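See structure below.
Keep in mind that this is a model prediction, so the values were computed, not measured.
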Amino acid sequence: MSELCLYNTLSRKKERFEPLDSELVRIYSCGPTVYSYQHIGNMRPYLFADLLKRTLLYNGYRVRHVINVTDVGHLTDDADSGEDKMELAARESGMDIWQVAEKYTALYKADLEKLRVLPPDVWCKATDHIPQQIEMIRVLEEKGFTYSTDDGIYFDVSKDPGYGRLARIDLSSLRAGERIDGVSQKRHSADFALWKFSPTEGAARQMEWQSPWGVGFPGWHIECSAMSQAHLGLPFDIHTGGVDHVPVHHVNEIAQSENCFDVRPCVRTWMHEEFITFEGVKISKSTGGLYTVGDLEQMGIEPLAFRFFLLGAHYRQQQMFTDNAVVQAQTAYRRLVRHALDLRASGDGNAAAPAGGFRDRFHAAINDDLNLPQALAVVWEMVRTPDLGPREKWALLRDFDRVLGLDLAEARIERGEIDAEIEVLIEERNRARANSDFARADEIRDQLEVQGILLEDSSRGTRWRRA
RNA sequence: GGCGGCGUAGCCAAGUGGUAAGGCGCGGGCCUGCAAAGCCCUGAUCACCGGUUCGAAUCCGGUCGCCGCCUCCA
């Protein structure tokens, strides 16, 4: 059996994975800020985390997985100026801020379900952990890591000699002493807000809390430190997120957690997924390509076909999204489903049978830092090999699907309410064929095709499916 | 400007020292009354130049092109 190796951003290397607790692996995944729809680019982090979790389960570990929902404190500008995204979204939509959070959280979770992302063991949200965040800030203050300005309480990065190690930031060469844009009272550009005071003029905030420093709200990074500690304890095994979080969000999270709780390192393995690019350019708010899972469905792309698409590239590689690429993926996905249906019809077999090394190769692929493209190649080869019978293949395919998550055991070709009518026509056509009346037979087939019904004749009779 | 990454067949995409996985598409074949589905066959020397090596897509140097982060972002 192969060893599980994962790429750790801390060391910039693949490392053999060893859980802190011999059986239970603890994972924290940075979740979304729920001020808007999540687009398909936003789905990759959770697909990635899902594949990580499934791979751990496949290796026999138990997993405790936490995903947070950030519903306060994420500013539109840099971490310390600009407006709270949630407050802004509420004002623009005319909804109550709590409704905004609820709405987009629900949509987000529905999309994850469509993509067959296993639900985490714990969902948590920032506004449910305000006391924990305040307590962390209090401890940091007590230890001398903070200072106060007119607009908030800041973390003083110069007090942390290890600051920025994750991103290999060299503070001394980082514009130190330079004038800080926007927030003039910051001592260093890398200093960041732990607590922000509510504005004294203008519209009142909908979300604000009492604290030892006055009424206000928490900074964007502190919620992850508080919630990961609360739900997993420190240290824990794996923290996941997007590459964009390496230099700021996660660096700051480490600074807060390690200095508050004196646990170093607070996380053993940091894993970061790359972006999906849209016709060569990153999908983002400003550059477009903002399809949602729902948009894909409108285009005729099934959610699981999109999942299959994501399996086609390694998580640490930027993946090119184009309409063409996703359609290609859907074609392949549907072909695999058809194989699954045929194999399933042959009955259940024994997955423990020799299986020609396919299981080992599949396992080795996913254990090599989640190389799903490689694993998929093994899947195709297995499906098409003449060396295995259909029942063995079906057993293996179901086994592999524990990681792939394509729901192959439940897959089916969609049938509708007009079955009876179709059956009658098919019978008539088969009578015509038996009488060599091919003109009539083809006429019926064409007629059904117009309705989106495709016929497939085989030695076992005629089957139909939707186009 | 600083930091990081990428450039593999028409398209998507693995492979990071031993003579290029896989998928989609194209073309050909088998099967079929004809189709469809399925199966089989079929394509690249890895941006370019130089170097290290018995041997490089894989290591080093340079050139060109592209992308990301440093500012909202997974």
| If you measure from the P atom in B:U63 to the same atom in B:C39, how many Å do you get, rounded? | 49 Å

| request: Could you please name the option among B:G33, B:C39, B:G68 that lies closest to any side-chain atom of A:Asp442? | output: B:G33

| query | Expressed in whole Å, how much space separates the C1' atoms belonging to B:G50 and B:C41? | reply | 40 Å

| Whole Å only: how far is the CG atom of A:Asp342 from the P atom of B:A36? | 17 Å

| task | For B:G61 versus B:U52, give the span between their C1' atoms, rounded off to a whole number of Å. | result | 11 Å

| Rounded distance in Å between the P positions of B:G5 and B:C59 | 12 Å

| task | Name all stems that contain residues of RNA chain B, defined as runs of 3 or more consecutive Watson-Crick or G-U wobble pairs, both distances under 3.5 Å. | result | B:1-7 with B:64-70, B:10-12 with B:22-24, B:27-30 with B:38-41, B:47-51 with B:59-63

| query | What integer distance in Å separates A:Phe192:CZ from B:U71:P? | reply | 15 Å

| query | Are any of the side-chain nitrogens in A:Lys14 or A:Asp369 under 4.0 Å away from the carboxylate oxygens of its partner? | reply | no

| query | How close or far is atom P of B:A74 from atom NE2 of A:His239, stated in whole angstroms? | reply | 13 Å

| Roughly how far apart, to the nearest Å, are B:G38 and B:G65 at atom P? | 44 Å

| request: Check the angle between the aromatic planes of A:His249 and A:Trp220 and answer parallel, tilted or perpendicular using the 30° and 60° thresholds. | output: parallel

| field | Pairwise P distance for B:C64 and B:G25, with rounding to whole Å | value | 39 Å

| query | Please give, in whole Å, the distance from B:C12 P to A:Leu311 CG? | reply | 18 Å

| Is A:Arg445 near enough to B:A36 that one of its side-chain N or O atoms lies under 4.0 angstrom from OP1 or OP2? | no

| field | A:Asn59 (side chain) donor-acceptor with A:Leu56 (main chain) under 3.5 angstrom | value | no

| said: I'd like to know if A:Asp457 and A:Arg429 make a salt bridge, using a cut-off of under 4.0 Å between side-chain N and carboxylate O. | reply: yes

| Pair A:Glu428 + A:Arg431: basic N to acidic O under 4.0 Å | no

| Working for ring-ring contact (aromatic ring centres under 6.0 Å, His included), residues A:Phe309 and A:Phe321 | CA-CA 9 Å; A:Phe309 167 79; A:Phe321 178 93; 5.7 Å; yes

| message | Need to verify one output field. Residue with the more 5' nearest nucleotide on RNA chain B, A:Pro32 or A:Pro386? | response | A:Pro386

| request: Would you kindly give the CG-to-P distance between A:Leu310 and B:C12, to the nearest whole Å? | output: 16 Å

| request: Return yes if a side-chain donor-acceptor contact under 3.5 Å exists between A:Tyr104 and A:Asp71, otherwise no. | output: no

| message | What contact category does A:Arg440 fall into here, base, sugar-phosphate, or nothing, at under 4.0 angstrom with non-hydrogen atoms? | response | nothing

| query | What is the distance, rounded to the nearest whole Å, between atom CZ of A:Arg44 and atom C1' of B:G68? | reply | 13 Å

| said: If I take atom CE in residue A:Met382 and atom P in nucleotide B:C39, what distance separates them, rounded to the nearest angstrom? | reply: 13 Å

| Positive for side-chain contact (heavy atoms from CB on, under 4.5 Å) with A:Tyr35, one of A:Glu87, A:Glu92, A:Lys85 | A:Lys85

| field | Pairs touching residues 30-50 of chain A that satisfy salt bridge (charged side-chain N to carboxylate O under 4.0 Å, His left out), sequence neighbours left out | value | A:Asp50-A:Arg54, A:Asp50-A:Arg307

| said: Can you identify which nucleotide, out of B:C12, B:G33, B:A35, has its nearest atom closest to the A:Ala325 side chain? | reply: B:C12

| request: Check every atom of B:G38, B:A74, B:A36 against the side chain of A:Glu456 and return the nucleotide holding the closest atom. | output: B:A36

| query | When you compare B:G28 with B:U42, how far apart are their P atoms, in angstrom units rounded to a whole number? | reply | 16 Å

| message | Can you tell me whether the side chain of A:Asp457 and the base of B:C34 have a donor-acceptor pair closer than 3.5 Å? | response | yes

| field | Phosphate OP1/OP2 of B:C39: any A:His339 side-chain N/O under 4.0 Å | value | yes

| request: Could you check how far CD of A:Glu274 sits from C1' of B:G68, rounded to whole Å? | output: 6 Å

| task | Summarise how protein sits on nucleotides 13-26 of chain B as a single string, 5' to 3': B when a protein heavy atom is under 4.0 Å from the base, S for sugar-phosphate-only contact, - for no contact. | result | SSS-----BSBBS-

| request: Taking only Lys NZ, Arg NE, NH1 and NH2, and the carboxylate oxygens of Asp or Glu, determine whether A:Arg463 and A:Asp342 approach each other closer than 4.0 Å. | output: yes

| query | How are the rings of A:His221 and A:Phe192 set relative to one another: parallel (under 30°), tilted (30 to 60°) or perpendicular (over 60°)? | reply | perpendicular

| request: Please state the C1' separation for the pair B:G23 and B:A13 - nearest whole angstrom. | output: 8 Å

